[in-house]
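Everything on this sheet refers to the single structure shown next.
Order of the sequence lines fixes the chain letters, A, B, ..., with proteins taken first and strands second; residue numbering starts at 1 for each chain. If you're wondering where the values come from, they're calculated on a predicted model, not measured in any experiment.
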Number of protein chains: 2
Amino acid sequence: MEGRASTVDVTVDCVVFGIDEAHLKVLFIERGLEPFAGAWALPGGFVRPGEGLEQAARRELSEEAGVTELFLEQLFTFGDPGRDPRGQIISVAHYALVRLSDHRVRAATDARQAAWFPVHEHPPLAFDHEEIVEVAYRRLQGKVRYQPIGFELLPRKFTLSQLQRLYEIVLERSLDKRNFRKKILAMGLLVELDEVERGVAHRAARLYRFDERRYRRLLQRGFNFEI
Amino acid sequence: MEGRASTVDVTVDCVVFGIDEAHLKVLFIERGLEPFAGAWALPGGFVRPGEGLEQAARRELSEEAGVTELFLEQLFTFGDPGRDPRGQIISVAHYALVRLSDHRVRAATDARQAAWFPVHEHPPLAFDHEEIVEVAYRRLQGKVRYQPIGFELLPRKFTLSQLQRLYEIVLERSLDKRNFRKKILAMGLLVELDEVERGVAHRAARLYRFDERRYRRLLQRGFNFEI
DNA sequence: TCGAGTGAGTGTACAGAGTACACTGTGCGC
DNA sequence: GCGCACAGTGTACTCTGTACACTCACTCGA
């Protein structure tokens, strides 16, 4: 009937997304230990006693890649028997979004390397991490369209072109410039700043920031974000 | 660094939804054992050695409530420390949809009672199951609008009014009859049967069934279901 | 300083989808 | 045969999505 079954262990793994001018990238760690020593894998590790799942994910990210204070959400729990050669180990996978510009990823303290790879061009991965990345990417593509999480990937001040490029890269299709601007500005969630971008070899574009406060107020009145 | 931490146990819990003429209902089990003996709780239990998560969820549903062959999907994993007085136990929650008409829920073999309660009027629940039901209900409300999962709650042959009532109950708002029919029929996913409902004291309504095959074909061509 | 290059910024016309709305028809039961 | 209850049906308007091209501002190099 109902007995304790302590043969299952619990890990968290994180799919951390970042974006540069041309690519959506994911953060991987080179494993130092068996199994899969030397292979690339998602940052993650075992949940510790007394620790919550999100807490464990944030700790692992901080320890292994030096990234803190980022958008992070639970993704899915992978528990197929056989997914880990060490035994029955389930992974509560999370996905996270960081501003590549802010977060210089440092090498992990224990000399394991951390590196960014384009989501479609990464080395073979340990465990079922390939599948986890797939699921995370589909979730991101779905969620970015009806929740304003894309801003988590951009610098706090950004141009409309950067924002458009973000959506084009994540959704993998091109968008019409005028329609995109019309729609995003009509939502009233962007604040036009008294500042323009710098260091570009052409007319400098206006900078904007996302109005978080306003978004939360609109949410309560039943507002629906949608790109 | 990376050591085994076998202090965490893993359970699965299921939020099973069913619908009758007027209410969306959830299936609960009266607990026979401590903790929370005598309280109502979601059907669920510990994952067994060698068992996958969905597999464990289906087994528990079959054992505790006699329901089999139903729509079932992973929902979220709850792992706050302290959510279970027995120690660190995470719950991989699932949600499921059944046709109340088909599934007579039998009492569980071990004499614990199983019963349906309206989603908004159930007794106090054990553990954090209140929160799990909340999350499941929000997921259902979101998902029912852009995936044809509502049909899992209806008999295989149904009238358009039944279908409309389903959406009205789940979404908690009324829909316009003509617009609803126009939209749902325009999708071309319903097959009109040569049959009408029986035993009603008024003109009998036409019966339809959902065309699963057709839906899958349309999906591949980029079709988007939406109510 | 002037010309070339690069991306910023802007409006309109059309098509399609969503929405609001009310009456007649049919079958049953009394 | 009459009343009740729900089945079934179409149109007009509004709003949203989409397609589409040129001028302007700024920098850099010759």
So, using ring-ring contact (aromatic ring centres under 6.0 Å, His included) as the criterion, who are the partners of A:His129 when residues are at least two apart?
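Residues passing ring-ring contact (aromatic ring centres under 6.0 Å, His included) with A:His129: A:Phe127.
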
Exam field: side chain [X] to backbone [Y], donor-acceptor pair closer than 3.5 Å:
{"X": "A:Arg209", "Y": "A:Pro155", "result": "no"}
{"X": "B:Arg139", "Y": "B:Leu75", "result": "yes"}
{"X": "A:Arg173", "Y": "A:Tyr167", "result": "no"}

Are the ring centres of B:Phe78 and B:Phe76 closer than 6.0 Å?
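Ring centroids of B:Phe78 and B:Phe76 are less than 6.0 Å from each other.
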
In B/S/- notation (B base, S sugar-phosphate only, - none; protein heavy atoms under 4.0 Å), nucleotides 22-30 of chain C written 5' to 3' is B--BBBS--

Write down the distance between CG (B:Leu207) and P (D:dA7), rounded to a whole number of angstrom.
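Taking CG of B:Leu207 and P of D:dA7, I get 11 Å after rounding.
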
Under the salt bridge (Lys or Arg N to Asp or Glu O under 4.0 Å) rule, what pairs show up with a residue in residues 142-165 of chain A, not counting sequence neighbours?
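Passing the test, one end in residues 142-165 of chain A: A:Glu73-A:Lys143, A:Arg99-A:Glu152, A:Lys157-A:Glu195.
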
Those residues of residues 219-227 of chain A lying under 4.0 Å from DNA chain D by at least one heavy atom
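Result for residues 219-227 of chain A: none.
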
Positions of residues 159-176 of chain B (non-hydrogen atom under 4.0 Å from DNA chain D), listed by number
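Result for residues 159-176 of chain B: B:Ser161, sorted by number.
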
Which residue, A:Thr77, A:Asp13, A:Asp80, forms the side-chain hydrogen bond (donor to acceptor under 3.5 Å, both in side chains) with A:Ser91?
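Checked A:Thr77, A:Asp13, A:Asp80 against A:Ser91; only one passes side-chain hydrogen bond (donor to acceptor under 3.5 Å, both in side chains): A:Asp13.
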
What residues in residues 179-188 of chain B put a non-hydrogen atom under 4.0 Å from any atom of DNA chain C?
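Residues of residues 179-188 of chain B under 4.0 Å from DNA chain C: B:Asn179, B:Lys182, B:Lys183.
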
Between A:Glu60 and A:His94, is any side-chain donor less than 3.5 angstrom from a side-chain acceptor?
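Side chains of A:Glu60 and A:His94: no pair found under 3.5 Å.
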
